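Reviewing the structure listed below.
Order of appearance sets the numbers: ligands from 1, and atoms from 1 within every ligand. Since we're looking at a predicted model, the values are computed, not measured. If you read the sequence from its start, that first residue is 1, and numbering goes on from there.
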Amino acid sequence: MGTGMFDYAPAPESTALVDIAASYGLYIDGAMVDPLDGTPFKTVNPATEEVLAEVVAAGPRDVDRAVAAARAAYDGTWSRLSGRDRGKYLFRVARLVQERARELAVLESIDNGKPIRESRDVDVPLAAAHFFYYAGWADKLGYAGFGPDPRPLGVAGQVIPWNFPLLMLAWKIAPALATGNTVVLKPAETTPLTALAFADICRQADLPPGVVNIVTGAGDTGRALVEHPGVDKVAFTGSTEVGRQIARSVAGTRKKLTLELGGKAANIVFDDAPLDQAVEGIVNGIFFNQGHVCCAGSRLLVQESVADELLDRLKRRLATLRLGDPLDKNTDIGAINSPAQLDKIRELSDVGEQEGAERWSPACELPERGYWFPPTLFTGVSQAHRIAREEIFGPVLSVLTFRTPAEALEKANNSPYGLSAGVWTDKGSRILWMAQRLRAGVVWANTFNRFDPTSPFGGYKESGFGREGGRHGLEGYLDV
Ligand code: NAD
């Protein structure tokens, strides 16, 4: 890390485009408003520990006001517009996300800690693509396979995590609006800034007041939103633990629920796989976004006959990863989003060692300030180890081996989760055989962590239910 063949000169992205206010209110009914019963808290740059801005932890009365605004907008304007007119607004939002892409990317990297290369090339373009995609559905809902005139649900209460703040916002808001619902969205407490910038985009797009409302805050605000009786639909992305609580609180109400929860994906490499390509896929699978990815390939299952060679190549590759300033265009690994997440990664990694797995990281200097964790891999991991079963949600890879396809399948499916999986092999028939039997919502073949708005995404088992993206993503927001 920086000690490779040669060092790169710093290439920092300019922050000149970004204008962060000292403090923010809540975006309700088309305007930034002061809270009624919310309290201020600070959002911090995880790479420097600098305070970026003061935001509001919305209280129950604030949430109530936001839901009322969403209801009024639903009854008064949005549900009465034609799909074609809703589509026009969504295309406008999509274009504005593109126009403000650099600003949004810098803001995302500053607030989240992710490398600018990723926010610039993945998060923001995919967020725009999501709005473009669902804008296209708005006037074609009668052809989506849900009857000739599928109806919206009403007000959607949406709660999202911190790992892809703007992209998760797009996954939630685009299909909700396209289908004629209005929304109250709560971003994660550590990453509110791109959602607040998005509020400004809604204003720029002349979206009718109340169609999108953004209430910042932590778990209490989220709970007030999902439990609010004025909400018709709850969409949640986050941990399985909170997902369970929400499922309990929504049970017995008329609310429709979709949950996108955790994962512990198997990335399976067979002996006939192109190994250099697989190494890139493994790196992208677990070190993309510091491993803060619900569908991360956090369990590497490698066929025994190629395990040594693959691990040699993987370690050599990890030694070239650059960890540091998220705003540097050469950075591969940015900061861990919060001290709480860093603690969790440290704790589970320590448990990995205590349970007998062998820990390895490349030589790697961590910056003094900020929250950092080196890329780490564990070998000698067995199925019983906690690091093979629990989601670490960090840059930590657990390596297991197998001998036969049946054993690979058995190990891959031996998980309470079922969000994604990867298969690396030269044989098309083996890809199909595995894909049919893997209990995972997404199976990637000879690639990993690829996303496209046309492709449905979602889990089996404790990874949740419901699909986001594609035609399937419309269903969660329609009365069908
Ligand atoms: P989290 O569940 O703690 O928080 C997620 C969101 O829920 C945040 O906005 C938080 O403020 C809010 N929240 C917390 N308690 C709540 C409550 N009682 N009621 C309502 N809202 C509440 O998870 P996290 O630590 O922010 O995110 C990491 C987790 O999210 C990981 O487990 C990861 O796998 C999962 N995740 C899943 C997907 C997916 O698509 N399946 C995507 C990203 C992240």
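No part of F164 comes within 4.0 Å of ligand 1, judged by heavy-atom distances. Residue contacts with ligand 1 for L419 involve side-chain atoms from C-beta outward but no N, CA, C or O (heavy atoms, distance under 4.0 Å). Of all the heavy atoms of Q245, the ones lying under 4.0 Å from any atom of ligand 1 belong exclusively to the side chain. Residue contacts with ligand 1 for V293 are absent, since no atom lies close enough (heavy atoms, distance under 4.0 Å). Using a 4.0 Å cut-off between heavy atoms, E391 contacts ligand 1 through its side chain alone, with no backbone atom that close.
Selection from V242, T221, T190 by nearest heavy atom to atom 16 (C) of ligand 1 gives V242.
Among the atoms of G238, some N or O lies under 3.5 angstrom from an N or O of ligand 1. For ligand 1, the polar-atom distance check against S463 finds no nitrogen or oxygen pair separated by under 3.5 Å. Ligand 1 has a nitrogen or oxygen under 3.5 angstrom from a nitrogen or oxygen of L261. Taking only nitrogen or oxygen atoms, main chain and side chain alike, E189 reaches within less than 3.5 Å of ligand 1.
Counted within 6.0 Å of CZ on R102, heavy atoms from surrounding residues, nucleotides or ligands total 12 or fewer; the atom is thus considered open.
Residue F236 places a heavy atom under 4.0 Å from ligand 1. Note on ligand 1: G464 sits outside its first shell, no heavy atom being nearer than 4.0 Å.
Residue contact check: I160 has heavy atoms under 4.0 Å from atoms 6 (C), 8 (C), 9 (O) of ligand 1.
Closest heavy-atom contact between V381 and A388: CG1-CB, 3.7 Å.
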